[in-house]
Amino acid sequence: MLQAQSSTLTKSQNATLRNLTIVGYLEGTSFLLLLGIAMPLKYMLGMPEAVRYIGMAHGVLFIAYILMLVITASKIKMPLWAMPAGVLGSFLPFGPFVFDHLLKKRLKKSD
């Protein structure tokens, strides 16, 4: 999908968008692991260690995602809705995945 955008985005902009995608997928996956595995382990089986480690990783990835979102917004002319939608998406399960799809679809449409 990024290849189709290369006519309007420079190599640097494509790399920035790819980095946002990677960090977004990692952050979204860590959130799903936290909600779907670590929290049930803590509250159903009394194993709080999973929340400690997955929660720490998720926190670091959340901060990295927000930073990458700001960096990407400064390098790529993103639609006005993209920044608030990206932040909101980071608080919702599957949010970063949906945001990534919608952003790439919109950028491709603006070719």
Heavy-atom closest pair, residues [X] and [Y]:
X	Y	result
Thr16	Met68	O-CE, 3.9 Å
Gly28	Pro96	CA-CG, 3.9 Å
Val23	Leu61	CG1-O, 4.2 Å
Leu35	Pro93	CD1-CG, 3.8 Å
Phe97	Leu32	CE1-CD1, 3.9 Å
Pro40	Leu34	CD-O, 4.5 Å

Can you check whether [X] reaches [Y] side chain to side chain, under 4.5 Å on heavy atoms?
X	Y	result
Met56	Arg52	no
Leu9	Lys75	no
Ser90	Leu69	no

Kindly work out whether a path of hydrophobic side-chain contacts (I/L/V/M/F/W/Y, heavy atoms less than 4.5 Å apart) joins [X] to [Y].
X	Y	answer
Met39	Ile37	yes
Val87	Leu17	yes
Val60	Leu26	no
Met47	Leu33	yes
Met78	Leu102	yes

- Considering residues, nucleotides and ligands other than Met83, do more than 12 of their heavy atoms fall under 6.0 Å from its CE?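 For Met83, atom CE is crowded (more than 12 foreign heavy atoms under 6.0 Å).
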- Can you list every side-chain hydrogen bond (donor to acceptor under 3.5 Å, both in side chains) pair that touches residues 27-51, not counting sequence neighbours?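 The answer is Ser30-His58.
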(Q) If we count only N and O atoms by modelled type, under 3.5 Å, do the side chains of Thr21 and Lys104 hold a donor and an acceptor together? (A)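 A donor-acceptor contact under 3.5 Å links the two side chains.
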### Message
side-chain contact (heavy atoms from CB on, under 4.5 Å) for Arg18 and Ile22? Distances and angles first, verdict last.
### Response
CA-CA 6 Å; Arg18 185 180 64 244; Ile22 291 168; 4.1 Å; yes
**Prompt:** Taking atom CD1 of Ile71 and atom CD1 of Ile76, what is their separation to the nearest 0.5 Å?
**Reply:**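 One gets 11.5 Å once the value is rounded to the nearest 0.5 Å.
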* Point-to-point distance, once rounded to the nearest 0.5 Å, from CG of Leu103 to OG1 of Thr72 ->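 Interatomic distance, Leu103 CG to Thr72 OG1, rounded to 0.5 Å: 8.5 Å.
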Evaluate side chain to side chain donor-acceptor pair (under 3.5 Å) for Lys108 paired with Thr8, printing each intermediate quantity in order. CA-CA 9 Å; Lys108 186 176 181 182; Thr8 58; over 6 Å; no
Determine whether Leu20 and Tyr65 satisfy the following criterion, side-chain contact (heavy atoms from CB on, under 4.5 Å), listing intermediate values before the conclusion. CA-CA 7 Å; Leu20 176 66; Tyr65 179 69; 3.8 Å; yes
### Derivation and outcome, side-chain contact (heavy atoms from CB on, under 4.5 Å), residues Leu92 and Val98
CA-CA 10 Å; Leu92 301 173; Val98 173; over 6 Å; no
query: Who passes side-chain contact (heavy atoms from CB on, under 4.5 Å) against Leu80, sequence neighbours left out?
result: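 Counting only residues at least two positions away or on another chain, Leu80 forms no side-chain contact (heavy atoms from CB on, under 4.5 Å).
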Which pairs count as ring-ring contact (aromatic ring centres under 6.0 Å, His included) when at least one residue sits in residues 66-95, sequence neighbours excluded?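 Passing the test, one end in residues 66-95: Phe62-Phe91.
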